[in-house]
Amino acid sequence: MSKVTDAALTERRKDDHIRINLEEQVQFPRLTTGLEQYRFLHQALPELDLAAVDTSLTLFGKRLNAPILISSMTGGTERAQNINRTLAAAAQRAGIAMGLGSMRAAIEDDSLAVTYQVREVAPDIMLFANLGAVQLNYGYGIEQCRRAVEMIEADALILHFNALQEAVQPEGDGNFAGLLAKVEMICRQMDVPVIAKEVGWGFSEQAVRQLAEAGVDAIDVAGAGGTSWSEVEYYRAPDTHHANVTRAFADWGIPTADGIRYARAAAPDLPVFASGGLRDGVDIAKCIAMGADLGGIAGPFLKAAAESDDAVDRLIWELATEIRIAMFASGAADLAALEQNGLLEA
């Protein structure tokens, strides 16, 4: 396949993903995040001033006002460019972190770099570049990883692991053999932190341990319970046979709550990002209480960005306020206390 054809295919897939996520029902049919199985112990006498509750943290040397991550979603098309700039500008106003979607499109076609470049509107945010880990088996190496980071002036690089998605895509890249050694090579050579991220099916304890030993600097568990990418690919299937295959995996994956526990057990010293089906600030607070450092949300931000700048600002305000109130009502003055207090089983 020529470079032009390959780039065009990638761009078309990006537009498909945005459209499907906005227009179709792509949630897990039955599998949940597992967060509903936990609750906070309410403190009627928190002995705290709500206004003084501290939701801030420092990650990779940067201060964030709240443990909120706008999770990686898109890039590579004009529509994606507008979404990324809207989200980044809101992240700048709020002082939170943001990841960009897979940057393979811009690696293959330099003209698409602008669809990921958001520093003009977000000069100070914690910003993550993003490439598919499997591309290390298809000609990518340290040069492409550094280009992705430099292209957007990123603070860290996400390597995303989407084995099931690649497997159900007719055009997917399914060779994950020998990948761990190449991930280790990238971790050793990169000048910025490397984050290992799933895309909605979660990491097992074994996978987290392997990645930690390979040298990754953080784990984004991206568990099951939110958007099912096999459901997304169902709507892209070229025929009934492929559609039947993707639909069979609609409830596949490791729930987000389990993923946090696995990550904490296997890599207790690494930052953990919780994502996958988080819907409000209470969910994020639960994840922090379970040991995560950030809570990532994608789908609600995509829908808000498609609506307006104000809708994104409102969503961030709601999430941050819900986190603060959950901390206050459970007697946690800061995020460390929130984790120390823990959760009860519902």
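Only heavy atoms go into these numbers, but all of them, side chains included; no hydrogens, no water, no symmetry mates.
Scanning for ring pair (Phe, Tyr, Trp, His ring centres under 6.0 Å) contacts around F203 gives F161, with sequence neighbours left out.
In this structure, the separation between CD1 on I96 and CG on L319 is 8.0 Å, given to the nearest 0.5 Å. F28 CZ to S230 OG: the interatomic distance, rounded to the nearest 0.5 Å, is 6.5 Å. A distance of 12.5 Å separates CD of E24 from OG1 of T227, quoted to the nearest 0.5 Å.
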Exercise. Hey, mind stepping through D334 and R324 against salt bridge (Lys or Arg N to Asp or Glu O under 4.0 Å) and telling me if it holds?
Worked result: CA-CA 9 Å; D334 55 27; R324 182 182 298 276; over 6 Å; no

For this session: Carefully, step by step, assess R39 and L343 under the rule side-chain contact (heavy atoms from CB on, under 4.5 Å).
Result: CA-CA 6 Å; R39 63 182 175 85; L343 295 169; over 6 Å; no

For this session: In sequence, state the C-alpha distance, the side-chain angles, and the governing distance for S72 and L100, and then conclude on side-chain contact (heavy atoms from CB on, under 4.5 Å).
Result: CA-CA 4 Å; S72 303; L100 290 162; 5.7 Å; no

For this session: Using the side-chain contact (heavy atoms from CB on, under 4.5 Å) rule, take V232 and D16 through it: C-alpha gap first, then chi angles, then the decisive distance, then the call.
Result: CA-CA 9 Å; V232 174; D16 284 346; over 6 Å; no

Exercise. Can you check side-chain contact (heavy atoms from CB on, under 4.5 Å) on Q81 and T74, steps first, answer last?
Worked result: CA-CA 8 Å; Q81 177 181 352; T74 193; over 6 Å; no

For this session: Mind running salt bridge (Lys or Arg N to Asp or Glu O under 4.0 Å) on R104 and E108 for me, showing each step along the way?
Result: CA-CA 6 Å; R104 179 181 173 188; E108 295 170 351; 2.8 Å; yes

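Side-chain contact check for L87 versus M73: some heavy-atom pair is nearer than 4.5 Å. Using a 4.5 Å heavy-atom cutoff, the side chains of V183 and L159 are in contact. Proximity of D49 to F328: side-chain heavy atoms (C-beta onward) are nowhere separated by under 4.5 Å. W229 places a side-chain heavy atom less than 4.5 Å from the side chain of W201. Side-chain contact between I158 and L131 is absent, with no heavy-atom pair separated by less than 4.5 Å. Contact check for Q210 versus E205: no side-chain heavy atoms found under the 4.5 Å cut-off. Under the 4.5 Å side-chain criterion, counting only non-hydrogen atoms from C-beta, T77 is not in contact with T115. Two residues are said to be in side-chain contact when any heavy atoms from C-beta on lie closer than 4.5 Å; Q117 and M151 meet this criterion.
A donor-acceptor pair under 3.5 Å is formed between the side chain of D251 and the backbone N or O of R30. Within the 3.5 Å criterion, the main-chain N or O of L57 finds no donor-acceptor partner in the side chain of R63. Remark: the backbone N or O of P300 is not paired with any side-chain donor or acceptor of R279 at under 3.5 angstrom. Under a 3.5 Å cut-off, the side chain of Y234 and the backbone N or O of A250 do not form any donor-acceptor pair. Side-chain N or O atoms of N162 include none that pairs as donor or acceptor with a backbone N or O of V199 at under 3.5 Å. Under the 3.5 Å distance criterion, the side-chain polar atoms of E198 are matched with a main-chain donor or acceptor of G200.
In the model, S308 has no side-chain atom that pairs as donor or acceptor with a side-chain atom of D310 under 3.5 Å. Between S56 and N65, the side chains place no donor N or O within less than 3.5 Å of an acceptor N or O (distance only, hydrogens not considered). E36 and T32 share a side-chain donor-acceptor pair at under 3.5 Å.
Minimum interatomic distance between S71 and S275 (heavy atoms only, all atoms of both residues): OG-CB, 4.0 Å. Between G259 and I254 the shortest heavy-atom distance is N-CG2, 3.9 Å. Residues V118 and N84 share a closest heavy-atom pair of CG1-O, 3.8 Å. Closest non-hydrogen pair, I316 versus A91, comes out as CD1-N, 4.4 Å. A pairwise comparison of heavy atoms in A263 and V221 identifies CB-CG1, 3.9 Å as the closest pair. Closest non-hydrogen pair, V208 versus A266, comes out as CG1-CB, 3.7 Å.
In this structure, E120 pairs ionically with R85, as a charged nitrogen and a carboxylate oxygen lie closer than 4.0 Å. A salt bridge is absent between E318 and R314; no separation between the charged side-chain nitrogens and carboxylate oxygens falls under 4.0 Å. Comment: R147 engages D110 in a salt bridge, judged by a side-chain N to carboxylate O separation of less than 4.0 angstrom. Ionic pairing of E307 and K303 is not present here: no N-O contact between side-chain nitrogen and carboxylate oxygen is shorter than 4.0 angstrom.
Residue pairs meeting the side-chain hydrogen bond (donor to acceptor under 3.5 Å, both in side chains) criterion with at least one partner in residues 282-296, sequence neighbours excluded, are R264-D293. Within the structure, side-chain hydrogen bond (donor to acceptor under 3.5 Å, both in side chains) contacts touching residues 132-144 (residues at least two apart or in different chains) are Q135-D173, N137-K182.
Below 30°, between 30° and 60°, or above 60°: for F273 and F128 the angle between ring planes is below 30°, a parallel geometry.
Crowding of R188 atom CZ: a count of heavy atoms from other residues, nucleotides or ligands under 6.0 Å not exceeding 12. More than 12 heavy atoms of other residues, nucleotides or ligands sit less than 6.0 Å from atom CD of E23.
The only option from H242, R247, H17 that meets the side chain to side chain donor-acceptor pair (under 3.5 Å) definition with E233 turns out to be H17.
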